[in-house]
Amino acid sequence: MKTKRDKLPLSRFQRILRYVGAVVLSACGVMLVLGSTILSERLHGPQFLIYWSWCLLLTILAIVIALFDMLLV
């Protein structure tokens with residue numbers, strides 16, 4: 001049985017990286033919900049493209065942060 005002492009402690013950089021990843025991933029989720037519900041009627045033309053491009057870029061950033069975190073582990 002593993003105990004808490006068997007785990008290696010996270011470095012300060014890893015904790016910051018995970019916090020930033022969680023914030024970026026949460027922002028992606030909020031943008032997805034808002035864009036699909038409340039803002040769906042207001043987003044047209046260039047606004048639609050810019051909004052969803054930002055959502056895509058944040059998603060890619062979250063993936064890159066997660067991959068970098070995997071490399072550190």
Side-chain angles (χ1 to χ4, degrees):
M1 176 180 266
K2 288 190 174 188
T3 63
K4 191 173 183 177
R5 294 182 185 205
D6 292 341
K7 295 180 182 180
L8 293 174
L10 295 175
S11 69
R12 182 173 186 233
F13 179 69
Q14 285 176 313
R15 286 192 305 251
I16 291 171
L17 193 64
R18 288 185 183 186
Y19 177 74
V20 170
V23 169
V24 170
L25 198 56
S26 298
C28 292
V30 169
M31 284 186 76
L32 179 67
V33 170
L34 288 178
S36 298
T37 57
I38 297 172
L39 298 176
S40 64
E41 296 175 1
R42 297 182 186 178
L43 295 175
H44 297 288
Q47 290 176 338
F48 178 85
L49 188 63
I50 291 170
Y51 183 85
W52 289 111
S53 295
W54 273 104
C55 188
L56 177 68
L57 289 174
L58 285 176
T59 304
I60 292 170
L61 180 63
I63 291 170
V64 168
I65 289 172
L67 289 174
F68 190 65
D69 187 36
M70 278 182 15
L71 288 174
L72 290 176
V73 173

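Below, each value reflects all heavy atoms present in this structure, side chains not excepted, and no hydrogens, waters or symmetry copies.
Sorted by first and then second residue, the salt bridge (Lys or Arg N to Asp or Glu O under 4.0 Å) pairs involving residues 43-63 (not counting sequence neighbours) form an empty list. Listed by first and then second residue, the salt bridge (Lys or Arg N to Asp or Glu O under 4.0 Å) pairs that reach into residues 21-44 come to none, sequence neighbours excluded. Annotation: side chain to side chain donor-acceptor pair (under 3.5 Å) contacts involving residues 25-39, sequence neighbours excluded, are absent. Listed by first and then second residue, the salt bridge (Lys or Arg N to Asp or Glu O under 4.0 Å) pairs involving residues 49-64 amount to none (not counting sequence neighbours).
To the nearest 0.5 angstrom, Leu39 atom CG is 10.5 Å from His44 atom NE2.
For the side chain to side chain contact (heavy atoms under 4.5 Å, CB included) test, residues two or more places apart in sequence or in another chain that qualify with Phe13 are Ser11, Leu17, Phe68, Leu72. Arg18 pairs by the salt bridge (charged side-chain N to carboxylate O under 4.0 Å, His left out) definition with Asp69, not counting sequence neighbours.
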In residues 49-64, what donor-acceptor pairs under 3.5 Å come from side-chain atoms, sequence neighbours left out?
{"residue": "Tyr51", "atom": "OH", "partner": "Met31", "partner atom": "O", "Å": "2.7"}
{"residue": "Tyr51", "atom": "OH", "partner": "Gly35", "partner atom": "N", "Å": "3.4"}
{"residue": "Ser53", "atom": "OG", "partner": "Leu49", "partner atom": "O", "Å": "2.6"}
{"residue": "Thr59", "atom": "OG1", "partner": "Cys55", "partner atom": "O", "Å": "2.8"}

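Taking Ile, Leu, Val, Met, Phe, Trp and Tyr as hydrophobic and joining them when side-chain heavy atoms fall under 4.5 Å apart, one finds Val33 isolated, its cluster having no other members. Applying the 4.5 Å side-chain rule to ILVMFWY residues, one finds that Leu10 remains a lone member of its cluster. Through direct or indirect side-chain contacts shorter than 4.5 Å among Ile, Leu, Val, Met, Phe, Trp and Tyr, Tyr19 is connected to Val23.
Using a 4.5 Å heavy-atom cutoff, the side chains of Gln14 and Val73 are in contact.
Linking ILVMFWY side-chain heavy atoms closer than 4.5 Å, directly or via other members, places Leu32 and Ile38 in a single hydrophobic cluster.
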